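From a predicted model like this one, the values you see are computed outputs, not experimental measurements. Sequence positions, counted from 1, serve as the residue numbers for this chain.
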Amino acid sequence: MSHPTAVDTAAAPATMRAVVVTRPGGLDALEIKDVPVPARKPGWVRIKVKAFGVNESEVTTRKGESDAEVTYPRIPGIEGVGVIDDVDEDSGLRPGQQVSTMMGSMGRSYDGAYAQYVTVPAGQVIPFDTSLPWDVVGALPEMFQTAYGSLTRGLDLKSGQTLLIRGGTSTVGLSAATMAKEIGATVIATTRNADRSDELRAIGVDHPVVDDGQIATKVRDLAPEGVDAALELVGCTVLPDTFGCVRVHGAVCFTGALAGGWSVPDFTPFMIPSGVRLTSYAGEAADLPADVFARQLQAIAEGRLKVPVAKVYCGLEQVRDAQADVESGTTPGKHVVVLED
């Protein structure tokens, strides 16, 4: 795979190749088209895309199952890494600089990273400097931002605490486990497939738990008073059971719904056990500070942090394959598309 370069400032062409969803549908709705290179607005940054992760969110966009924010035609892609092509002189950023970007309605209300170029607000850009290959760096932005934001802003996790990750073999779950171990927490993580327990142990999870929908008793066997913090990635369908895993004055952070279930029918606050705190996380790029991202890149380079990459795809032509693999859910880890120069 190609490696990041320090400078890449060739003038952008008039047109670019991009994956465009013109209508909701199956994999055939992902069409490769020649489209104009996006013009950069003041306060925005144009990035030459080198790699991007493929996420459930983009599968949802392709199927037409997103909220009304998403309109068509749309270039999907909620994250990407590359080099700055064009930027305001007073932005503090410079052409050729390595950057990542994610979230903030990218690939939803405006075009995303499934393309050779993307434009995003400057505040949505995280600069970095690394010699790690693009396929590794491309796996990081969304899952690191979501995992780190959930653990810090959502749960305020501290060294010595015990964390439950419900949905442990998801990309965010795997990332959160490695970050929580770096923080110094004891990690309990769930999987629906007992055969994947070794995968969780391999990234540092202390106690894999097989999730059959009712795990509170199993978790209490490991942490009799309950865990200090729980990261909910499976959804509202199991949220009441997750509450039962948490100690008094512990917290649950709702971040994802891998099994669907974004709402609780007939919700009442009295469903939350006395003394247990419930919060949520749906943050933005600013929740992953540049210095934190830099430390994580260094930890990866030194082998102290593992990146859960499932598969790497070369070129926009393989985006359909990547989405098919994400949708099947058979391979845990991040699916990354790398673009050739």
Side-chain angles (χ1 to χ4, degrees), residues 21 24-25 55-72 74 76 78-79 102-109 112 142-143 145-157 163-176 188-192 209 211-216 219 226-227 229-284 287 323 326-329:
V21 178
N55 302 281
E56 292 281 357
S57 171
E58 293 130 19
V59 174
T60 300
T61 293
R62 185 250 299 165
K63 289 181 172 181
E65 297 174 356
S66 298
D67 56 32
E69 178 187 19
V70 178
T71 57
Y72 303 92
R74 177 64 58 224
I78 64 171
E79 62 175 324
M102 79 290 287
M103 310 297 281
S105 296
M106 176 182 175
R108 295 172 58 80
S109 66
E142 186 272 342
M143 69 179 183
Q145 176 260 313
T146 303
Y148 184 79
S150 296
L151 295 182
T152 56
R153 186 173 180 181
L155 291 168
D156 194 27
L157 187 69
L163 170 72
L164 168 66
I165 303 173
R166 194 152 195 180
T169 56
S170 66
T171 57
V172 173
L174 294 167
S175 299
I188 303 169
T190 70
T191 173
R192 292 178 296 172
V209 170
D211 192 344
D212 59 3
Q214 300 290 326
I215 64 168
V219 172
V227 298
L231 175 56
E232 181 59 75
L233 301 172
V234 174
C236 288
T237 54
V238 298
L239 190 57
D241 184 59
T242 299
F243 285 146
C245 301
V246 181
R247 67 168 174 82
V248 173
H249 298 158
V252 177
C253 180
F254 186 95
T255 295
L258 294 169
W262 289 95
S263 61
V264 178
D266 302 318
F267 174 79
T268 168
F270 291 105
M271 296 175 66
I272 306 172
S274 297
V276 173
R277 285 80 182 262
L278 173 64
T279 187
S280 65
Y281 180 76
E284 303 296 344
D287 293 334
Q323 279 213 1
V326 168
E327 198 169 4
S328 71

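Residues G167 and S170 approach most closely at O-OG, 2.8 Å, considering heavy atoms. The two residues A189 and G168 make their nearest non-hydrogen contact at CB-CA, 4.1 Å. When every heavy atom of T242 is checked against every heavy atom of A230, the shortest pair comes out as CG2-CB, 3.9 Å. Residue A216 comes nearest to C245 through the heavy atom pair CA-SG, 3.6 Å, listed as atom of the first residue, atom of the second, then distance. Counting all heavy atoms, side chain and backbone alike, Q214 lies closest to R166 at N-NH2, 4.0 Å. Between A176 and L151, the shortest heavy-atom distance links the atoms O-CD1, 3.6 Å.
One finds the CD1 atom of I165 at 8.5 Å from the CG atom of L174 (value rounded to the nearest 0.5 Å). Rounding to the nearest 0.5 Å places CD of Q323 at 5.0 Å from CZ of R62. Taken to the nearest 0.5 Å, the CG atom of D212 stands 10.5 Å off from the OG1 atom of T190. Taken from OH in Y281 to OG1 in T152, the straight-line distance is 7.0 Å, to the nearest 0.5 Å. Atoms CD and CD, on E327 and E56 in that order, are 7.5 Å from each other to the nearest 0.5 Å. We find the CE-OG distance between M103 and S57 to be 7.0 Å, quoted to the nearest 0.5 Å.
Judged by distance alone, the side chain of E79 and the main-chain N or O of E142 form a donor-acceptor pair under 3.5 Å. In this structure a side-chain-to-backbone donor-acceptor pair under 3.5 Å is present from E58 to I78. In terms of modelled atom types and a separation under 3.5 Å, the side chain of R74 and the main chain of R108 share a donor-acceptor contact. Judged purely by atom type and a 3.5 angstrom limit, E65 has no side-chain atom pairing as donor or acceptor with the backbone of T60.
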Determine all donor-acceptor pairs shorter than 3.5 Å in which one atom belongs to a side chain in residues 248-268; sequence neighbours excluded.
from, atom 1, to, atom 2, distance (Å)
T255, OG1, S150, OG, 2.9
T268, OG1, F270, N, 3.3

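Between N55 and V326 there is no side-chain heavy-atom pair separated by less than 4.5 Å. A heavy-atom distance below 4.5 Å is found between the side chains of Y72 and T61. Residues L157 and L231 are not in side-chain contact: their nearest non-hydrogen atoms beyond the backbone lie 4.5 Å or more apart. Inter-residue side-chain proximity for L239 and M271 is flagged as unmet; no heavy-atom pair is nearer than 4.5 Å. Within the 4.5 Å cutoff, the side chain of E232 has heavy atoms near those of the V238 side chain. Put simply, the side chain of E69 reaches to within 4.5 Å of the side chain of S105, judged on heavy atoms.
P273 pairs by the side chain to side chain contact (heavy atoms under 4.5 Å, CB included) definition with F243, V276, not counting sequence neighbours.
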Verdict with supporting geometry, L164 and V209, side-chain contact (heavy atoms from CB on, under 4.5 Å): CA-CA 10 Å; L164 168 66; V209 170; over 6 Å; no
